[in-house]
Amino acid sequence: MKNILLLGATGSIGNSVLSVIEQNKDILNLYGIAARNNSAKVKTIIKKFSPNHVYLEDQDAYKSTSELFPNTSFLNTDKDLEDLISSEDVDIVISAIVGFAGLKTSFIAANAGKKILIANKESIVAAGDIFMKLADSKGAEIIPIDSEHNAIFQCLPSNKSTKDVNNIIITASGGPFIGTPISELTEVKPEDALNHPNWEMGSKISIDSATLVNKCLELIEARYLFNLNQKYFDLVIHPQSIVHSVVTYVDGSSIAQLSNPNMEVPIANALGGNQKLPISFKDINFSNLDLNFINFPSDRSSLEELARNICDTGGSSGLVFNAANEIAVEYFLKNQIKFSQIYDVIFRTFELIPLSNPADIETLNELNIEARMEAKKVIKSLS
Ligand code: NDP
Ligand code: MG
């Protein structure tokens, strides 16, 4: 039996993880969960899975929920959360908190040398150099859940060596506005941008998918996870979201991973390791398959170029990119900036902040606060 600690249990990834656990109860046990304040969802999870430990960041949610379950251990302090993540009883940590907020827990898990199934790409983008080094030095195993990265992981040989790799395609669905130039997207509303054709996801990543910033975050994520130069990766639009990545080797053979779009597939793969975990799922109907691959849109080439520069530069560049994007998405979701202004916020914030080489998580946290403040100033200057 594997004991799982699910960070971000009340979110979209959390939901998919719970479904995979439920379908494989004989070998997977939900040992602990963490969320911010969604007590309604936490109550449902406790009733169904009886986790030993429940962390709620929000004080009020923690108080009101813990009173209802006197036999469950409820946690609310940073120290409690750190002890839980580092506990010897935890076999697998799933990092599925959204945004930079997930960085702290990813670091604790890496420091404790855990097996980490990582969905929280923002941690890797913002802190790739330090995070991967820490994980390596502490013997933490990092397994990607993000579907494209999990696909690459599956297409690599069992020792995960990339020495014979020639090229890797990271596919992108293109989001709800596929084929529409930015110039025609000025007036789109959050509800339009949230309406993804293939995937059901949390609001932040849905907007990232609509802007295609998600694919740029994923390029940076891939550069760190597989320790490869960005030149190895191509970003390609594939509207059906069936082929999640393609790895081409020096001998000319290309290996791809395919499935219908559903996050339970990469999650089951990451949780199962060498063992294939059964999930109830609609297989691909190959007789009806029509697959298209289209170049990344030319009006997003400066965005892609910025992401490629970030891959080459490292240091604080990914952090600034991520912070500016998080603020821009937050303000767009509140209807306080236009869709096309998300790009302006990213580029202008990036120009304003001098880059540096943070050495530890404390410095990363300070830089993150600065970058977010700068992005807010940029937003003020837009209106
Ligand atoms: P959601 O918005 O659906 O869920 C976010 C989760 O994070 C919730 O459980 C939320 O708790 C929790 N959370 C937020 N802030 C904190 C905090 N400070 N402390 C503790 N918990 C917190 O996001 P998604 O599930 O869509 O995405 C999660 C991560 O996975 C993101 O990094 C995303 O990029 C990545 N990802 C998601 C995919 C998807 O299909 N959804 C695909 C690939 C990657 P609460 O509900 O209480 O606020
Ligand atoms: Mg992805």
Side-chain angles (χ1 to χ4, degrees), residues 8 36 57 78 95 97-108 110 118-134 202-205 207-224 230 300 302-334 336-383:
R36 183 174 39 191
E57 189 182 84
D78 279 1
S95 172
I97 290 175
V98 62
F100 189 86
L103 186 91
K104 182 179 71 182
T105 47
S106 294
F107 264 72
I108 297 169
I118 193 138
N120 175 250
K121 62 190 89 184
E122 294 90 346
S123 296
I124 301 174
V125 170
D129 291 323
I130 309 179
F131 178 67
M132 295 309 286
K133 230 181 258 169
L134 177 69
S203 54
K204 195 264 176 180
I205 187 174
I207 304 303
D208 288 347
S209 183
T211 54
L212 295 182
V213 167
N214 184 46
K215 222 34 63 178
C216 295
L217 294 171
E218 290 188 355
L219 171 67
I220 305 166
E221 181 187 9
R223 172 254 173 276
Y224 282 114
Q230 47 83 15
R300 257 39 78 93
S302 49
L303 188 71
E304 181 180 344
E305 200 180 311
L306 177 61
R308 289 193 183 277
N309 286 339
I310 290 169
C311 289
D312 291 338
T313 315
S316 65
S317 59
L319 178 143
V320 174
F321 179 66
N322 181 65
N325 179 55
E326 283 192 22
I327 292 293
V329 170
E330 184 187 319
Y331 277 67
F332 171 68
L333 283 169
K334 291 191 290 192
Q336 291 177 0
I337 59 170
K338 290 182 188 299
F339 184 81
S340 53
Q341 288 178 323
I342 295 174
Y343 303 101
D344 301 332
V345 176
I346 293 172
F347 285 114
R348 289 202 203 171
T349 308
F350 207 83
E351 276 165 22
L352 288 168
I353 299 208
L355 299 179
S356 58
N357 273 312
D360 50 44
I361 187 164
E362 290 75 26
T363 318
L364 286 168
N365 283 329
E366 283 162 21
L367 288 173
N368 185 52
I369 292 168
E370 273 172 41
R372 292 169 76 93
M373 272 169 28
E374 204 62 54
K376 286 180 188 172
K377 279 191 214 155
V378 169
I379 289 176
K380 264 198 177 153
S381 75
L382 292 174
S383 46

Can you tell me how far apart OG (Ser356) and CG (Leu367) are? Round to the nearest 0.5 Å.
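Here the rounded value is 4.5 Å.
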Is any side-chain heavy atom of [X] closer than 4.5 Å to a side-chain heavy atom of [Y]?
X	Y	value
Ile118	Phe131	yes
Tyr343	Arg300	yes
Tyr224	Cys311	no
Ile124	Ile220	no
Val345	Leu382	yes
Ile97	Thr105	yes
Ile207	Ile342	yes
Val213	Phe321	yes

Under 3.5 Å, side chain of Asn368 to main-chain N/O of Phe100, donor-acceptor pair present?
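No.
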Strictly distance-based, threshold 3.5 Å: is any side-chain N or O of Ser209 a donor or acceptor partner for the main-chain N or O of Ile205?
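No.
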According to salt bridge (charged side-chain N to carboxylate O under 4.0 Å, His left out), does anything in residues 313-331 pair up with another residue at least two apart or in another chain? List the pairs.
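Qualifying pairs, neighbours excluded: Glu326-Arg372, Glu330-Lys334, Glu330-Arg372.
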Over all heavy atoms of both residues, which pair between [X] and [Y] is shortest? Give the atoms and the distance, please.
X	Y	value
Cys216	Ala307	CB-CB, 3.6 Å
Ser317	Ile310	OG-CG2, 3.4 Å
Pro358	Gly315	CD-C, 4.0 Å
Val320	Ile353	CG2-CG2, 3.9 Å

Is a salt bridge present between Asp312 and Arg223, judged by a nitrogen-to-oxygen distance below 4.0 Å?
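No, no charged N to carboxylate O under 4.0 Å.
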With a 4.0 Å cut-off on N to O distance, would you call Lys215 and Glu218 a salt bridge?
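Yes, this pair counts.
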Between Asn322 and Lys121, is there a side-chain donor-acceptor contact under 3.5 Å, judged purely by atom types and distance?
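Judged by distance alone, the side chains do not pair up.
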Derivation and outcome, side-chain contact (heavy atoms from CB on, under 4.5 Å), residues Leu303 and Thr211:
CA-CA 10 Å; Leu303 188 71; Thr211 54; 5.8 Å; no
Evaluate salt bridge (Lys or Arg N to Asp or Glu O under 4.0 Å) for Glu122 paired with Lys204, printing each intermediate quantity in order.
CA-CA 11 Å; Glu122 294 90 346; Lys204 195 264 176 180; 3.0 Å; yes
